[in-house]
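This structure is a prediction, so every number in the text was calculated from the model and none was measured.
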Amino acid sequence: VLIIGLALIWFLISGIIPLMFSIPAPSLMSILTLLYTLYPVAVSEEFVFRGFMLSRLLPRTEHIDLVTALPAVVIDALYFAMAHVPVYMAVYGIGGLVQLIYTIGLIFVYGIISGVIFVSTRNVVPDIIIHWINDYLAIMAMIYLMH
């Protein structure tokens, strides 16, 4: 319930859910291409940032709750957001500083939500699934709303 709730909150914050209703039905080829290309991104990013980095930043105690994990989650989310700066600098350039800050801020919020899910489940698979769905829907929205 926590995972689904946090995923829905993220999809509402990011604007993905409202955009989904304006996207026409994609072709099978575009669906397969996006699924094939996005899966490795979601897997690699979540294994690096949640599976490796966050798990090492967490306190070394038997019982970790969200309060004791919060500093580690915030640091991990900050690194996650900063890792996306070069990509979005290429997209928005120096002139799009406001858009860049807004986008990196959203990625930071996603990093927090993803960190909370990881701490709650101690499993990277839910984060991979949410990341994959998010990237897929975001790219589909960009493709079909730009036409």
Side-chain angles (χ1 to χ4, degrees), residues 1-58 64-67 69-93 95-147:
V1 174
L2 173 74
I3 295 168
I4 292 170
L6 287 174
L8 288 175
I9 289 170
W10 168 247
F11 292 144
L12 285 170
I13 290 171
S14 67
I16 294 293
I17 289 179
L19 285 175
M20 286 175 22
F21 297 109
S22 61
I23 299 172
S27 70
L28 179 60
M29 186 54 92
S30 65
I31 290 172
L32 293 175
T33 301
L34 280 174
L35 292 177
Y36 177 74
T37 57
L38 291 176
Y39 186 71
V41 173
V43 170
S44 62
E45 286 187 0
E46 292 306 325
F47 269 114
V48 167
F49 288 100
R50 259 53 79 183
F52 179 76
M53 187 180 291
L54 181 55
S55 65
R56 275 141 187 89
L57 289 170
L58 289 170
I64 300 172
D65 59 13
L66 289 176
V67 174
L70 189 58
V73 169
V74 170
I75 291 168
D76 181 68
L78 186 60
Y79 275 109
F80 182 70
M82 292 300 104
H84 287 79
V85 168
V87 173
Y88 288 96
M89 284 291 290
V91 172
Y92 300 120
L97 189 59
V98 172
Q99 185 65 32
L100 174 68
I101 291 169
Y102 174 77
T103 303
I104 298 303
L106 277 177
I107 293 169
F108 175 76
V109 171
Y110 171 78
I112 296 286
I113 290 171
S114 187
V116 168
I117 292 170
F118 179 78
V119 169
S120 299
T121 63
R122 301 299 272 166
N123 190 339
V124 77
V125 173
D127 288 324
I128 290 170
I129 293 168
I130 294 167
H131 192 146
W132 188 20
I133 291 169
N134 178 77
D135 287 359
Y136 174 76
L137 293 175
I139 289 175
M140 291 300 285
M142 285 191 296
I143 289 170
Y144 287 102
L145 295 178
M146 293 181 130
H147 286 106

Test ring pair (Phe, Tyr, Trp, His ring centres under 6.0 Å), reference F49, set Y79, F118, F108, F80, output is F80
Separation of I101 CD1 from I104 CD1 (nearest 0.5 Å): 9.5 Å
Give the ring-plane orientation class for Y110 versus H131, where under 30° counts as parallel, over 60° as perpendicular and anything between as tilted. perpendicular
For I64 and A69, the nearest pair of non-hydrogen atoms, with its separation, is CG2-CB, 3.7 Å
Scan D127, D76, N123 and name whichever one has a side chain to side chain donor-acceptor pair (under 3.5 Å) with R50. D76
Minimal non-hydrogen separation, S120 against L66, with atom names: OG-CD2, 4.1 Å
Minimal heavy-atom distance between I117 and P126, with the atoms involved, is CG2-CB, 3.9 Å
In this structure, CG of L70 is separated from CD1 of I75 (nearest 0.5 Å) by 10.0 Å
Can you tell if the side chain of W10 reaches within under 4.5 Å of the side chain of V109, non-hydrogen atoms only? yes
Should L58 and R122 count as side-chain neighbours, where that means a heavy-atom distance under 4.5 Å? yes
With side chains defined as the heavy atoms from C-beta onward, is the minimum distance between I3 and I130 less than 4.5 Å? yes
Please check if the number of heavy atoms outside Y39 that lie under 6.0 Å from its OH is greater than 12. no
Minimum heavy-atom distance G111-A77, with the two atoms named: C-CB, 3.6 Å
Of all heavy-atom pairs between I107 and A81, which one has the smallest distance, and what is that distance? CG2-CA, 3.7 Å
Checking D65 now: which residues fulfil side chain to side chain donor-acceptor pair (under 3.5 Å) with it, not counting sequence neighbours? T68
Report the C-alpha distance between L54 and V119 in whole Å, list the side-chain angles of each, state the deciding distance to 0.1 Å, and finish with yes or no for side-chain contact (heavy atoms from CB on, under 4.5 Å). CA-CA 9 Å; L54 181 55; V119 169; 4.3 Å; yes
